[in-house]
Amino acid sequence: MNPKPRIALIIGSTRPTRFADVPAQWMLRQAQAREDLDVEVLDLRDYPLPFFDEVATNLFMPSQNAEVVRWQQTLRRFDGFIFVVAEYNFAIPAVLKNALDQAYIEWNYKPFTAIAYGGTGGVRAVENLRTISTALQMVSTRHTVNIGGSDFFSVHPAFGVHVSIEEIEKSLLLSAKNSLDELVWWSRATMAARVGKDRK
């Protein structure tokens, strides 16, 4: 029997006033309710990465910064990823882009999905993430979870409505299930493929 995929849920914002913890904890609960994956939270606040200043990506030579190496070693343990993505000016946050740039080999041939948020559900940030992931040789799920429109404005504390995410989850549960189903499928497929690739 195939081992359960090890999935990292990466919180892609570090702002002191970030909203990311709300969708991160909700998505964590959805993943933990399943028996076909193991999930662990990686908070970029716990990885004080410099802006990318290595001579080259670690595809070509080992990274020198100790925090970067620690980040790479952490990523190496996982078979797939869930990104918690805010949309900043139609793109992902700079801190998440930097975290992606600080590794290469560790992302290769691994799948990801996302839970995104913003006025339009973070869809442009997810598309930005998918473009970046192509360069990193990752696999994107078709489905993602997107918190947007009135749902986003009702759960974000800055807008004064103050309802819990559980009160809007009816519109999120199917996309969460679909995205996690796809993530598990692709994780298992790429785990097997990476083993075959390593044997060549």
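Small disclaimer: the values here were computed from a predicted structure and weren't measured. All residue numbers refer to positions in the sequence shown, counting from 1.
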For the pair Leu96 and Val84, evaluate side chain to side chain contact (heavy atoms under 4.5 Å, CB included) and give the outcome as yes or no after the intermediate values.
CA-CA 10 Å; Leu96 178 55; Val84 182; over 6 Å; no
Begin with the C-alpha distance, continue with both residues' side-chain angles, and end with the deciding distance and a verdict on side chain to side chain contact (heavy atoms under 4.5 Å, CB included) for Met138 and Ile132.
CA-CA 9 Å; Met138 300 180 77; Ile132 297 163; over 6 Å; no
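- The existence of a salt bridge linking Glu166 and Arg29 is confirmed by a sub-4.0 Å separation between a basic side-chain nitrogen and an acidic carboxylate oxygen.
- Taking the side chain as every heavy atom from C-beta outward, Val68 and Gln72 approach each other to under 4.5 Å.
- Put simply, CD1 on Ile147 and CD1 on Ile165 are 4.0 Å apart, with the number rounded to the nearest 0.5 Å.
- Interatomic distance, Asp53 CG to Asp101 CG, rounded to the nearest 0.5 Å: 12.0 Å.
- Val39 and Val22 fall within the same hydrophobic cluster, defined by Ile, Leu, Val, Met, Phe, Trp and Tyr side-chain heavy atoms under 4.5 Å apart, directly or through other members.
- Side chains of Glu87 and Thr120 form a contact here, defined as non-hydrogen atoms less than 4.5 Å apart.
- By the 4.0 Å N-to-carboxylate-O rule, Arg124 lies too far from Glu127 to be salt-bridged with it.
- With rounding to the nearest 0.5 angstrom, the NZ atom of Lys170 is 12.0 Å from the CG atom of Asp151.
- Between Ile82 and Met27, the shortest heavy-atom contact is CG2-CG, 4.0 Å.
- Under a hydrophobic-cluster definition in which Ile, Leu, Val, Met, Phe, Trp and Tyr are linked whenever side-chain heavy atoms come within less than 4.5 Å, directly or via other members, Tyr109 and Ile105 are assigned to different clusters.
- For residues 16-55, every residue pair satisfying the ring-ring contact (aromatic ring centres under 6.0 Å, His included) rule, not counting sequence neighbours, is listed here: Phe19-Tyr117, Phe19-Phe152, Phe19-His156, Tyr47-Trp71.
- Side-chain contact between Ile10 and Leu75 is present, with heavy atoms from C-beta onward closer than 4.5 Å.
- Among all heavy-atom pairs drawn from Asn98 and Pro50, the shortest one is ND2-O, 2.8 Å.
- Counting heavy atoms of neighbouring residues, nucleotides and ligands inside a 6.0 Å radius, atom CZ of Arg76 exceeds 12 of them.
- The shortest heavy-atom contact between Leu9 and Ala24 is CD1-O, 3.8 Å.
- Under the 4.5 Å side-chain criterion, counting only non-hydrogen atoms from C-beta, Val85 is not in contact with Ile115.
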Do Asn146 and Ser175 pass the side-chain hydrogen bond (donor to acceptor under 3.5 Å, both in side chains) test, and can you show the C-alpha distance, the side-chain angles, and the key distance before you say yes or no?
CA-CA 8 Å; Asn146 302 89; Ser175 57; over 6 Å; no
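- Results of the ring pair (Phe, Tyr, Trp, His ring centres under 6.0 Å) test with Phe112 over Trp186, Phe78, Trp107, Phe83 single out Phe83 as the only residue that passes.
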Validation: residues 88-95 side-chain donor-acceptor distances under 3.5 Å, sequence neighbours left out:
{"unit_1": "Tyr88", "atom_1": "OH", "unit_2": "Ser13", "atom_2": "OG", "d": "3.4"}
{"unit_1": "Tyr88", "atom_1": "OH", "unit_2": "Arg15", "atom_2": "NE", "d": "2.8"}

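- Inter-residue side-chain proximity for Ser187 and Lys110 is flagged as unmet; no heavy-atom pair is nearer than 4.5 Å.
- Under the 4.5 Å side-chain heavy-atom criterion for ILVMFWY residues, no single connected hydrophobic cluster contains both Trp185 and Met191.
- The structure places CD1 of Ile7 at 9.5 Å from CG of Asp36, a figure rounded to the nearest 0.5 Å.
- Considering every non-hydrogen atom in both Ile11 and Ala20, the closest pair reads CG2-CB, 3.7 Å.
- Defined by atom type and a distance below 3.5 Å, a donor-acceptor pair is present between the side-chain atoms of Asn58 and Glu106.
- Residue Leu44 holds its CG atom at 8.0 Å from CZ of Arg18, rounded to the nearest 0.5 Å.
- Closest of all the heavy-atom pairs between Leu183 and Thr141 is N-CG2, 3.7 Å.
- In this structure a side-chain-to-backbone donor-acceptor pair under 3.5 Å is missing from Gln64 to Val55.
- Legend: residues meeting side chain to side chain donor-acceptor pair (under 3.5 Å) with Asp79, ordered by chain and number and at least two apart, are Arg6, Arg194.
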Might you work through the side-chain hydrogen bond (donor to acceptor under 3.5 Å, both in side chains) test for Arg130 and Ser140, ending with a clear yes or no?
CA-CA 7 Å; Arg130 284 174 170 149; Ser140 172; 2.8 Å; yes
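- Electrostatic pairing of Arg77 and Glu40 counts as a salt bridge here, judged by a charged N lying under 4.0 Å from a carboxylate O.
- Under a 4.0 Å N-O distance rule, the pair Asp46/Arg70 does not qualify as a salt bridge.
- Ion pairing between Arg34 and Asp181 holds under the 4.0 Å rule for side-chain N and carboxylate O.
- A continuous path of Ile, Leu, Val, Met, Phe, Trp and Tyr side chains, each step under 4.5 Å between heavy atoms, connects Phe81 with Leu49, placing both in one hydrophobic cluster.
- Contact check for Gln102 versus Ser63: no side-chain heavy atoms found under the 4.5 Å cut-off.
- Counting all heavy atoms, side chain and backbone alike, Ser164 lies closest to Val155 at O-CG1, 3.8 Å.
- Taking CD from Glu182 and OG1 from Thr113, the interatomic distance works out to 7.0 Å, rounded to the nearest 0.5 Å.
- Under the 4.5 Å side-chain contact rule for hydrophobic residues, Val145 and Leu28 share a cluster.
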